[in-house]
Amino acid sequence: GRGFAFRRKQKIERQYRKLLKKRKHVHSQQDNQFTDTYPEHLKHLYLAEEEKLKKRCRTPDDSVPSEEKLNKAADGCGISGYVCSMLISVSRTCTFSSRPVVTQEKFKNKTSNQKAKEEYEKIKAEHARKKEEAEKRKQQREEAQHLYKRKKMEAYKILSKKTKKGQPNLNLQVEFLLQKIQKNT
């Protein structure tokens, strides 16, 4: 009857007609009435059957049958010849695409694995960016600390100088304060 295979075939035909309609290459229903389109997963079965029938119709002197030879063999082999001639006419009208019809829905809907990979890549990139920023901040902080320590040491050297008698050198301290005031203004 009309089982799941028939419904699957009708669904594929509807999708194909939709694609044709989108491309504005709609053929009349009469053309499609005599040609059959088979789903990709059954294609190998039909091709094998076609080869089997071609071998049955071959004559002993044929190595590779051409269409003319098949037509001659089909004329001479009775009922199976009729089947061969029908098969030849069907094989002319039925064309199998080398790749399955892929709808755009497959490209839109991603699998959970693809989503997880994308999420992982985003998180990985975010961690790398944060790590890089932290490294930059750490380097800037170290440079600032080094500069601060160097200035502090220079100031300490100037302010801790003593006279011969061990008293603090007020002239150097006043000079240091003057330089500090001049830098600030």
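Computed from heavy atoms alone, side chains included, the values below leave out hydrogens, waters and symmetry copies. None of these values were measured; they are calculated from a predicted model. Start at 1 with the first residue, then count along the sequence.
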| Got a second to check how far K136's NZ is from Q140's CD, nearest 0.5 Å? | 8.5 Å
| Hey, does K152 have a side-chain heavy atom less than 4.5 Å from the side chain of Y156? | no
| query | Applying salt bridge (charged side-chain N to carboxylate O under 4.0 Å, His left out), which residue pairs with at least one partner in residues 113-130 are found, sequence neighbours left out? | reply | K110-E118, E126-R129, R129-E133
Scan the side chains in residues 164-180 for donor-acceptor partners under 3.5 Å anywhere in the protein, sequence neighbours excluded, and list what turns up.
residue	atom	partner	partner atom	Å
N169	OD1	N171	N	3.3
Q173	NE2	L159	O	3.3

| query | Does NZ belonging to K162 count more than 12 external heavy atoms closer than 6.0 Å? | reply | yes
| query | Is any side-chain heavy atom of L45 less than 4.5 Å from a side-chain heavy atom of E49? | reply | no
| task | Ignoring hydrogens and angles, tell me if any N or O in the side chain of Q114 forms a donor-acceptor pair with the backbone of T111 under 3.5 Å. | result | yes
| note | When rounded to the nearest 0.5 Å, the distance separating CE of M153 from NZ of K151 is 16.0 Å
| request: Identify which one of K11, K18, E13, R17 satisfies the side-chain contact (heavy atoms from CB on, under 4.5 Å) criterion when paired with Q15. | output: K11
| query | Around Q145, counting heavy atoms of other residues, nucleotides and ligands shown, do more than 12 lie under 6.0 Å from its CD? | reply | yes
| Could you go step by step and tell me if R14 and Q10 meet the side chain to side chain contact (heavy atoms under 4.5 Å, CB included) rule? | CA-CA 6 Å; R14 275 195 303 274; Q10 282 186 327; 4.0 Å; yes
| said: Checking H41 against R8: is there a side-chain donor and acceptor pair closer than 3.5 Å? | reply: yes
| said: Please report the interatomic distance CZ(F6) to NZ(K9), rounded to the nearest 0.5 Å. | reply: 7.0 Å
